[in-house]
Every structure is written in C-alpha cells, then in structure tokens.
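Per chain, numbering begins at 1; letters A, B, ... match sequence-line order. This one's a predicted model, so the numbers in the text were calculated from it and none came from an experiment.
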Amino acid sequence: MKFERKDILGIKDLSVDEINFILETAESFLEISTRTIKKVPTLRGKTVINLFYEASTRTRTSFEIAGKRLSADTINISSSTSSVVKGETLIDTARNLEAMNPDVIVIRHSAAGAPHLLASLVKQSIINAGDGAHEHPTQALLDMMTIKERKGSIDGLKVAIIGDIEHSRVARSNIYGLTKMGASVVVAGPATMLPRDIEKMGVQVHSRLEDAIAGADVIMMLRIQLERQKQNIFPSLREYAQHFCLNRHNVKLAKKDVIVMHPGPINRGVEISPDIADDPSCSVILDQVNKGVAVRMALLYLLTGGSE
Amino acid sequence: MSDQKNKKTVMDKEGIERCLTRIAYEILEKNKGMENLVLVGIRTGGVFLAQRLQKKMSDIEQGKIPLGILDVTLYRDDITASKKKPCLGETKINFSLDGKIVILVDDVLFTGRTIRAAMDALIDFGRPKMIQLAVLIDRGHRELPIRADFVGKNLPSSLWEAVRVDLVEKSGVDEVVIEEGP
C-alpha cells in the first residue's frame, strides 16, 4: 500500500489499512532497538523538532530516541525555555521554525486542534504528540501494537477503558482506533468523568469498574489527573481509589489471560495498585513504552521523503 | 502498446538446482569447510536461496550453518529521495558476526547498490572476518566497484530488460526469466 499522508494528526482520520500498515512497519523497527549499535542511517540529514508546550517524559524521550536511532537530528523545545514565555504566539513560533527548514515537527499542546492549525500553516510534516483532551495518536498506535502482539489480533477483543474518559486524549484516540479495528470497547468512570454522548463513539458505558472489566481481554487504566481534583470532579483520591482502583481482587473478573495497560505516568494506589502494575504476568506497561519507540520510528520513516 | 511482454526463460528448475549445488561446493572448497561460516540472505529472493544453500551444505558436510535474514531498505541510498516508502521486512540475525566469514546471498547482482547497503548493514551487526558474495545471476551494469565471489550464471543483459528470479517459495515456480523493460 502507498502511505501518502503529510501529517499524523489523529486516529480518527486514519483508515484500517493505514493503521495496519503503520503497525506492520513498526514491527520491523523493533529489532533495531535490540542491536548493540542501535542506529540505522535512513534519515541522515533530516531534522526533527520536538515542540512541547506541555510536560512530558515518555513521549518526548521516545520521539527523540526514535529520531536519533534513524540518524535524524532531533531538537527539543519546551515552552518554559522558549520564546513562548516572551509572549510569542504558536503561529509565529511555527513560522520561525519553518524558516529553519526542519522536516518534521512533533507538537504537544494543551489546546485541542493546535497540531491541525500548524499543519495548515507550514509545509513540514506535523505529528500530534497530544493536543488537549482531543487526540494522542502515537499512544493509541503503540497500544494497538502491544495488544496485537499479545493477542494476535484486535478484532473481536473486549477492551475496558477505565477512569477519566472526559479529559483523556489517550482514551479518545484508543476508542477511535480500537473500534475501527473491530474490538468492542467498554468504558467506566465516575459520572463527572464520562463525556456526554460518549455512546455515540460506539462504546458501552458502565458506572462500575467491576461491570466494565468483567470478561475483558484488555484493561486500559487511565491516569487520574490530580490537578483536576480542584475542579470538584471527584471528592477525594481515597474515594476514587475505593471504586475505580484496579487491584488483585477485582482483576479476577476479567479473562484469565487479561493484559493490563496504562499510558503513564502512574499514580500508584489511585487508579492501579502496585501489585498489578508490577505483575509481569498481566502488566504490559513497560512493553507499551518499548513499542512506543518503534511506532514513532515508523511514523518518522513514513512521513519523511523528497518532493516526488 | 501491448500488455504482452516479451518473456524468455533463461534458466529452469534443474538449472537453478545445479547452480546452487555447484555454489555450495565452491563455498566449502574456498573456505575449506564450514567452520566459521554464516549465511545471510537479502530479502526476499536471497533468503530462499540462502535457505537452499544451507540445506545443500549440511547435506555435503556434517553440521548446520547459521542463517540470517537482512532487509537493506533502511540502508539504501535512494530512500530519502523518494516519497513512496517501500514496505519494510524484518531483519533477523540472531548470532554474532564478529570474526565470522559471512556469505551474503542475493538473487540478482545488478548495479551493486543493494550489496553496498547490505555491507553497511552487516558492519552495524559486528566485525566479520570476511564478507563473500554469492548470487544466482550476475546481469552486469555495475555502478559501484563490487563483484561476486560465487556466481550461478553470468547473464549479459541490456538496461531495457528486466531479469526476474522466480522461486517456488514465493512465486510457486522455479525459473529465471528476461522480460522486455518497464
């Protein structure tokens, strides 16, 4: 198949064929990270700018490593140390970066749609590394890659996504992707954390964790965004944990061979108990991180190219 | 314009088998046995040929030579020039190349650019003592100073022609054909 996109902005726009093609390409990149010399010359002379307006450890490091293992030059900009603090607008920053002729700009921004705005303004390829509560396509791709590897296929699986769905771009991208790939997705969380009309995205909604994870092949726990407690979305961490923390007891309701995922960073004892997060027989959390590098290598490889 | 391409079979199943048998003997003769030898097939045609050579060599002498698979796409010199990216295959070399004699196997030797990329890739996996090249067909038109150590058949061809090696594992039939150009 031909992959002819300029940008990766969201899972919503991708076809099943495109998702499969990206995942297959990413599988070939896994091996490079296991070599003694973890580098191939493919993107020699290409420049990748990581433009991060929000905090990040995993995603930013993962993109940087992905670029470097392909021999691209990677540059990281975080808003706190850039001209953003002097009041420069996103559009002006983008135009200035464009003038330096990079090949790919990876952007994370707290405003939904920021990557789309950038993509319409500059000629470089844009990769969305998370925009507000909208989408986080590379996370969904690495999640799907992890599921595919563990379960053979995504089609027909029951996937439970638990926690703050409303504010989660990870949940949104995964719902788009997993339903496209044929999984049945159920979500559960406190009522204040479930977006209105979430059913329209093709998912089943439960108010109890136990109902959602019953018989699940995959459980995806979301991070409770502690900064939101101030907005009175939930009364206390302890109460949240009592109802929505995945632990050794309630995980038994899922299938015996269930895999437990978490996009990180983990709040131990809040949404997931440490014994589950660290249990190698079900937790694939670090495997997700490992797949992340391969997925991002695949995207950089597929997006960069000449003018023809 | 006609869809019917002028096609000529230049080697059949028996021809390919005999070539590979001879190459297997030549490799063993030149290296005085199988000690320190490893085979690396270049995706995709070279992999099947390497597998056949591996079997033939174990039939001739005791033991089995390690076999690796190499996809050279990421090392090609034209990769960033084209927007259309070729599908990537998996590279699988589960053994150390340090101090080994690597027999690199491909189906057709043409410009030499694939072999250049393959050698760069091999060096990233270690420091082989020596790299030798075995190909089923050498069709000429080299653009780099590269030659094969073991050749099944020299096939002088014009640049307008396409040389295709069909193997049972991939195409269901063993034959080498020359077609009129693209």
Subject >> Residues A:Glu31, B:Asp71; criterion side chain to side chain contact (heavy atoms under 4.5 Å, CB included); working and verdict >> reply: CA-CA 11 Å; A:Glu31 169 265 331; B:Asp71 186 298; over 6 Å; no
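- Within 6.0 Å of NZ in B:Lys30 there are more than 12 heavy atoms belonging to other residues, nucleotides or ligands.
- Neither the backbone nor the side chain of A:Thr36 comes within contact range of chain B; no heavy atom of the residue lies under 4.5 Å from a heavy atom of that chain.
- Neither the backbone nor the side chain of A:Lys38 comes within contact range of chain B; no heavy atom of the residue lies under 4.5 Å from a heavy atom of that chain.
- For B:Tyr25, the OH atom counts as loosely surrounded, since its 6.0 Å shell holds 12 or fewer non-hydrogen atoms of other residues, nucleotides or ligands.
- Pairing each heavy atom of B:Tyr75 with each of A:Lys39, the nearest pair is OH-O, 3.8 Å.
- Contact of A:Leu30 with chain B is not made at all, since no heavy-atom distance falls under 4.5 Å.
- More than 12 heavy-atom neighbours from other residues, nucleotides or ligands sit within 6.0 angstrom of CZ on B:Arg22.
- Counting heavy-atom neighbours within 6.0 Å of A:Lys180 NZ, excluding the residue itself, gives a total above 12.
- Heavy atoms of other residues, nucleotides or ligands lying less than 6.0 angstrom from NZ of A:Lys151 number more than 12.
- With a 4.5 Å cut-off on side-chain heavy atoms, B:Leu74 and A:Met297 do not count as touching.
- Taking CG of A:Leu302 as the start and CG of B:Leu88 as the end, the distance is 8.0 Å to the nearest 0.5 Å.
- Enclosure of atom CD in B:Glu143 by more than 12 non-hydrogen atoms of other residues, nucleotides or ligands within 6.0 angstrom is indicated.
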